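Data block below; observations after.
By convention here, the first residue in the shown sequence is residue 1. Just so you know, ligand 1 is whichever comes first in the structure, and atom 1 is the first atom listed for that ligand. Everything quoted here is computed from the prediction, not taken from an experiment.
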Amino acid sequence: MRFDTVIRNGTVVTASDTFKCDVGILDGRIAALAAELSNADEIIDAKGLYVMPGGIDSHVHLDQPSGEGIVMADDFDSGTRSAAIGGNSTVLTFCMQEKGQSLREALKIYHAKAAERCHVNVSFHLVITDPTPEVLGQELPALVADGYTSIKIFMTYDGLRLQDNEILATLDTARRTGALVMVHCENEEAIRYLIGRHEAEGRFEPKYHATTRPIAAEREATHRALSFAEIVDTPIVIVHVSNREAMEEIRRARGRGQKIAGETCPQYLMLTADDLDANAMDGAKYVCSPPPRDKESQDACWEGIEQNVFDLFSSDHCPFRFDDPEGKLNDKGKRSFRWIPNGIPGVATRLPILFSEGVMKGRIDINRFVALSSTNHAKLYGLYPRKGTISVGADADIALWDPNKVVTLTNSLLQHGADYTPFEGLEVRGWPVQLFLRGKSVVESCTFTSAEPAGQYIHRGRSSLLSQTAQGVA
Ligand code: DUC
Ligand code: ZN
Ligand code: ZN
C-alpha cells in the first residue's frame with residue numbers, strides 16, 4: 001500500500017494504549033498502523049516523540065461581543081492560530097444568541113466570522129439566552145438535526161442568565177432533541193448582592209472580583225443545576241469547576257445515578273485568588289469566572305483530575321487585552337472590578353501545562369492525558385471516532401510531542417491577540433513540536449507550514465452521554 005505520509009518510529013498514544021508503531025496516512029485519514037511502513041511520498045521521523053491525537057479544546061471563546069466598548073482579543077484567525085501552536089487540531093467555540101435573536105440569525109453571523117480563517121477545525125456550541133417557545137420548540141430540534149448538538153446556558157450575568165423555569169424548559173428540550181447542555185453555575189443574586197455591598201464599602205480593586213463570587217455561590221448553583229437535570233432526567237456538563245464543594249455535588253449526583261460530565265481548567269490548578277491581589281491593577285489579568293480560589297482548591301481539582309471527577313480539561317480561553325481601553329483596563333474597569341471583562345487567554349497553554357504538571361510530575365499517565373485533552377471531548381461532543389483518537393479510519397489530526405523539550409511560557413510564543421499570558425515565566429517540560437490536520441503538516445516548531453488556513457467547520461453527532469437517553473437511540 002502506498003501512503004501520502006508515514007510517521008515512523010514514534011510512540012503512539014491513545015486514551016487506552018501506548019505502543020510503538022508507524023502511522024500511514026492516505027487522503028487525510030489514518031490508513032494503517034503497523035510495525036514498519038515505508039512506501040510514502042513523505043516520511044516523518046518521530047523517534048523519541050509521542051504520536052497523539054490533536055488536542056480538542058471544547059471550551060473556547062472567540063470574537064464574542066463582550067459588553068459596550070469591550071473587544072475580545074482573539075478572532076477566529078488569531079484564536080485558532082494560538083490553538084494550533086498549543087497542539088490543538090479542533091476547538092469548540094460559542095455562538096452567542098442575543099436577546100430577541102433567532103439561533104439561525106446568530107449562526108449566520110458566527111459562520112461569517114469563522115469562514116476561511118480557521119487554522120484548526122471549529123464547531124459551535126449554541127449559547128441560549130432567550131429560550132422562547134419558538135427557539136425551543138422549532139429552531140433547536142432542527143439545529144440539533146443539522147449537527148449543532150450542544151448548548152451552553154448561564155446561571156449568572158445580567159442579559160445572559162436564564163431563570164429557573166427557563167433552565168428547566170431548556171434542559172427538558174435538550175433531552176427530547178438530543179442536545180448536551182453545558183451549565184455555567186454561579187448564583188447571580190448572591191453575586192449581585194455582594195458586589196453592591198463591596199462597592200458601598202468602597203472596595204473596588206480587582207481582588208474583590210474573587211470575594212464577590214465565593215465558593216458557596218458556585219456550589220449552590222451547581223447543586224441547583226444538578227437537581228434540575230435530575231428532575232427532567234437530562235445529562236449535563238458542569239463547566240469550569242473551581243473547587244472541592246462543587247466537585248462533591250457532581251460526585252453525589254453521579255451517586256444518585258445521574259449522567260454528568262465535569263470540566264476543569266488550567267487556571268484552577270495554577271492560579272489562586274492571591275494572583276488577583278497583584279501590584280496595582282495587575283490583578284485584572286487574572287479576573288475570570290468562577291475565580292481562582294486557594295491552594296486547597298487547587299489540590300482538590302488535581303484530585304478530581306486523578307480520580308475521574310473531571311472528564312474534560314479545557315482552557316475556557318476568553319481573551320482580553322490587559323493594557324487597553326477596550327480590554328481589562330477600560331475606563332470603568334479601572335474604577336471597579338465589576339467592569340473588568342471576565343476571562344483569560346489559555347488555548348495555547350492548556351496542553352503544555354497538563355503535560356508538564358500532570359504527566360511529567362507523575363500525577364496522571366499519558367493515556368489519561370490523551371483522554372482529558374482530546375478523546376473525552378470527542379466522545380462527549382459527538383466527534384468520535386472520526387476525531388480524538390489514533391485508529392484506522394480516523395482523520396489524521398495528529399500532534400507530535402517531544403516529552404523532553406523544555407519551554408518557558410512567554411506571551412510572544414503563543415500567537416494570540418492578548419498582550420499577556422497569566423502563565424508568563426512558567427517552565428514546562430514537553431511540547432507539541434508538530435501538528436497535522438487531516439494529514440497535512442500545519443505547524444512545525446511553532447512555525448506555520450501551511451500557507452492557507454486548513455481548519456474546517458464540523459457538524460457533530462450525538463454526545464456519548466446521551467446515547468441511551470434521548471429518543472432511546474444509541
Ligand atoms: N464563563 C465562561 O465560560 N467563560 C468566560 C467567562 C465566563 O463567565
Ligand atoms: Zn462560563
Ligand atoms: Zn467559557
His111 and Phe124 aromatic centres sub-6.0 Å: yes

Gln163 and Arg161, any side-chain heavy atoms less than 4.5 Å apart: yes

Distance filter under 4.0 Å to Ser289 heavy atoms, resulting ligand 1 atoms: 1 (N), 7 (C), 8 (O)

Heteroatom N/O/S of His317 within less than 2.8 Å of the Zn ion (ligand 3): no

Metal site angle (apex the Zn ion (ligand 3)), NE2 from His61 and NE2 from His59, 10 degrees: 110°

Test side-chain hydrogen bond (donor to acceptor under 3.5 Å, both in side chains) applied to Glu201 and His198, step by step: CA-CA 5 Å; Glu201 291 165 359; His198 276 63; 5.4 Å; no

Which atom of Asp316 approaches the Zn ion (ligand 3) most closely (N/O/S): OD1

The Zn ion (ligand 2) contact by Phe154, N, O or S atom under 2.8 Å: no

Distance-only polar pair, side chains of His119 and Asp77, donor-acceptor under 3.5 Å: yes

Ring geometry between Phe369 and Phe355 (parallel below 30°, tilted from 30 to 60°, perpendicular above 60°): perpendicular

Note, Leu435 side chain near Leu437 side chain (heavy atom, < 4.5 Å): yes

Note, Thr421 side chain near Thr410 side chain (heavy atom, < 4.5 Å): no

Nearest-neighbour protein heavy atom for atom 4 (N) of ligand 1, which is reported as residue plus atom name and distance: Asp316 OD1, 2.8 Å

Numbered atoms of ligand 1 (with element) below 4.0 Å of Asn342, judged on heavy atoms: 6 (C)

Residue His184 atom name (nearest to the Zn ion (ligand 2); N/O/S): ND1

Residues Arg350 and Ser373: side-chain donor-acceptor under 3.5 angstrom: no

Atom 3 (O) of ligand 1 - nearest protein heavy atom and its distance: Lys152 NZ, 2.5 Å

Protein residue, atom and distance nearest to atom 8 (O) of ligand 1, heavy-atom basis: Tyr157 OH, 2.4 Å

Atoms of ligand 1, numbered as shown, that sit under 4.0 Å from any heavy atom of Cys318: 5 (C)

N/O/S from His240 sitting under 2.8 Å away from the Zn ion (ligand 3): no

Close-contact set for ligand 1 against His240 heavy atoms, below 4.0 Å: 1 (N), 2 (C), 3 (O)

Aromatic ring pairing His125/Phe94, orientation class (parallel under 30°, perpendicular over 60°, tilted between): tilted

Plane angle bin for His59 and His240 - parallel if under 30°, tilted between 30 and 60°, otherwise perpendicular: tilted

Close-contact set for ligand 1 against His59 heavy atoms, below 4.0 Å: 2 (C), 3 (O)

Taking atom 1 (N) of ligand 1 as the reference point, the nearest protein heavy atom with its distance: His184 ND1, 3.2 Å

